[in-house]
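Please read these numbers as outputs of a predicted model, since none were measured by experiment. No hydrogens, no waters, no symmetry mates; every other heavy atom, side chains included, goes into these values.
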Amino acid sequence: MDPREFPTKGNLMLAKNSLALANQGYELMDKKRNILLKELMGLIDEAKGIQEEIDSTFTQAYACLQRANIEIGISRVQEFAFTVPIEDSIRIQTRSIMGTEIPHIKYDEKQNDLTYSLGDTGESLDIAREAFRKVKNLTIKLAEVENSAYRLATNIKKTQKRANALKNITIPMYTNLVYNINNALEEKEREEFTRLKVIKRRQ
């Protein structure tokens, strides 16, 4: 028999304290899960909006690129494309939402400065370049949002498991323990009362 199950007032107090902590823990887990779910729903809506914007911007960008290929030639467009520097300024930081570390991406937008002379190109290439710059920004944002949503979903799953364990295992266990110890102590008190009455009668 577990020593914690012995019917003593000390064990009853410990069991009641453990039950109170378990109930408090469940309430906190439930609140945490609800907050994370709200954040996740917001991110899902945001990701959907960004994805739709990326699709329309990509369509526009490729249409402009096609026009530029026709106006100044594919080989000339490729030459200008090679002047665009590789993006290496991206830095990933993190922030915490209810203990969940989610990414926050920072990068230097100055690297999007023109790398060719406006006199050597047509308007179609400039529009295409601006559209692809916008696609790049949106893609970075989408990556941040989707990764954040994934991390939140993972933490929601863990929080749900812990809440379920408290609700279905820990709380019923301590509720039962408090009930059993309480009953055992009351039975002892009744026995002691009966015994004292018998002793008094004999005196």
Side-chain angles (χ1 to χ4, degrees), residues 2 4-5 14-66 81 84-113 127-179:
D2 191 329
R4 293 175 300 177
E5 295 179 8
L14 288 173
K16 283 182 176 178
N17 288 340
S18 296
L19 178 59
L21 283 172
N23 279 314
Q24 188 179 14
Y26 174 73
E27 287 175 11
L28 288 172
M29 287 292 169
D30 196 45
K31 284 180 183 176
K32 179 181 178 180
R33 181 192 58 194
N34 290 334
I35 290 169
L36 292 179
L37 271 171
K38 188 177 177 182
E39 288 284 340
L40 179 60
M41 292 301 105
L43 287 174
I44 289 171
D45 290 340
E46 187 179 354
K48 186 180 177 183
I50 294 171
Q51 187 61 63
E52 288 172 358
E53 196 174 352
I54 285 176
D55 292 343
S56 63
T57 309
F58 252 130
T59 302
Q60 179 196 355
Y62 276 114
C64 292
L65 182 61
Q66 190 175 22
V84 178
I86 294 170
E87 176 60 74
D88 62 354
S89 69
I90 292 175
R91 299 290 178 268
I92 300 175
Q93 299 175 340
T94 57
R95 62 189 181 94
S96 179
I97 297 178
M98 297 295 289
T100 305
E101 295 293 320
I102 63 172
H104 176 61
I105 299 175
K106 287 190 173 183
Y107 70 101
D108 184 9
E109 290 193 48
K110 289 181 181 177
Q111 289 200 10
N112 287 311
D113 291 344
I127 295 172
R129 176 194 167 278
E130 179 58 26
F132 278 111
R133 184 196 66 77
K134 189 176 178 183
V135 167
K136 171 189 163 186
N137 292 345
L138 288 169
T139 303
I140 290 171
K141 183 62 180 173
L142 183 62
E144 178 184 312
V145 170
E146 286 186 341
N147 191 281
S148 298
Y150 174 78
R151 292 189 182 195
L152 284 174
T154 302
N155 205 334
I156 287 168
K157 194 174 180 181
K158 288 179 183 176
T159 303
Q160 184 65 56
K161 280 185 178 179
R162 288 173 184 164
N164 287 344
L166 285 168
K167 182 182 178 181
N168 301 321
I169 299 171
T170 308
I171 291 173
M173 179 186 75
Y174 281 115
T175 301
N176 191 51
L177 184 59
V178 168
Y179 177 79

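Closest non-hydrogen pair, L40 versus A149, comes out as CD1-O, 3.4 Å. Of all heavy-atom pairs spanning L142 and A47, the tightest one is CD1-O, 3.7 Å. Between L166 and G25, the shortest heavy-atom distance links the atoms CD1-C, 3.7 Å. Scanning both residues, A61 and A128, for their nearest heavy atoms gives O-CB, 4.0 Å. When all heavy atoms of I50 and K141 are compared, the closest pair comes out as CD1-CG, 3.4 Å. Nearest heavy atom pair, residue Y26 against residue A163, reads CD1-O, 3.4 Å.
Atom CD of Q51 has more than 12 heavy atoms from other residues, nucleotides or ligands within 6.0 Å.
Using a 3.5 Å distance cut-off with no hydrogens or angles, the side chains of Q160 and N164 do pair a donor with an acceptor. Using a 3.5 Å distance cut-off with no hydrogens or angles, the side chains of R151 and N147 do pair a donor with an acceptor.
S18 contributes atom OG, which lies 12.5 Å from atom NZ of K16 (distance to the nearest 0.5 angstrom). Between T59 atom OG1 and Y62 atom OH the span is 10.0 Å, to the nearest 0.5 Å. Rounded to the nearest 0.5 angstrom, K106 NZ and I90 CD1 are separated by 14.0 Å. The distance from the CZ atom of F58 to the OG1 atom of T139 is 5.5 Å, given to the nearest 0.5 Å. The CG atom of L152 sits 6.0 Å away from the CG atom of L43 when rounded to the nearest 0.5 Å. Distance check: I44 CD1 to E46 CD gives 11.5 Å after rounding to the nearest 0.5 Å.
Pairs passing the ring pair (Phe, Tyr, Trp, His ring centres under 6.0 Å) check and including a residue from residues 134-160, sequence neighbours excluded, do not occur.
When side chains are defined from C-beta on, K134 counts as touching E53, because their heavy atoms get closer than 4.5 Å.
The residue from I97, N155, T94, V145 that alone fulfils the side chain to side chain contact (heavy atoms under 4.5 Å, CB included) condition with I102 is I97.
Looking at N23, its side chain does come within 3.5 Å of a backbone N or O of L19 through a donor-acceptor pair.
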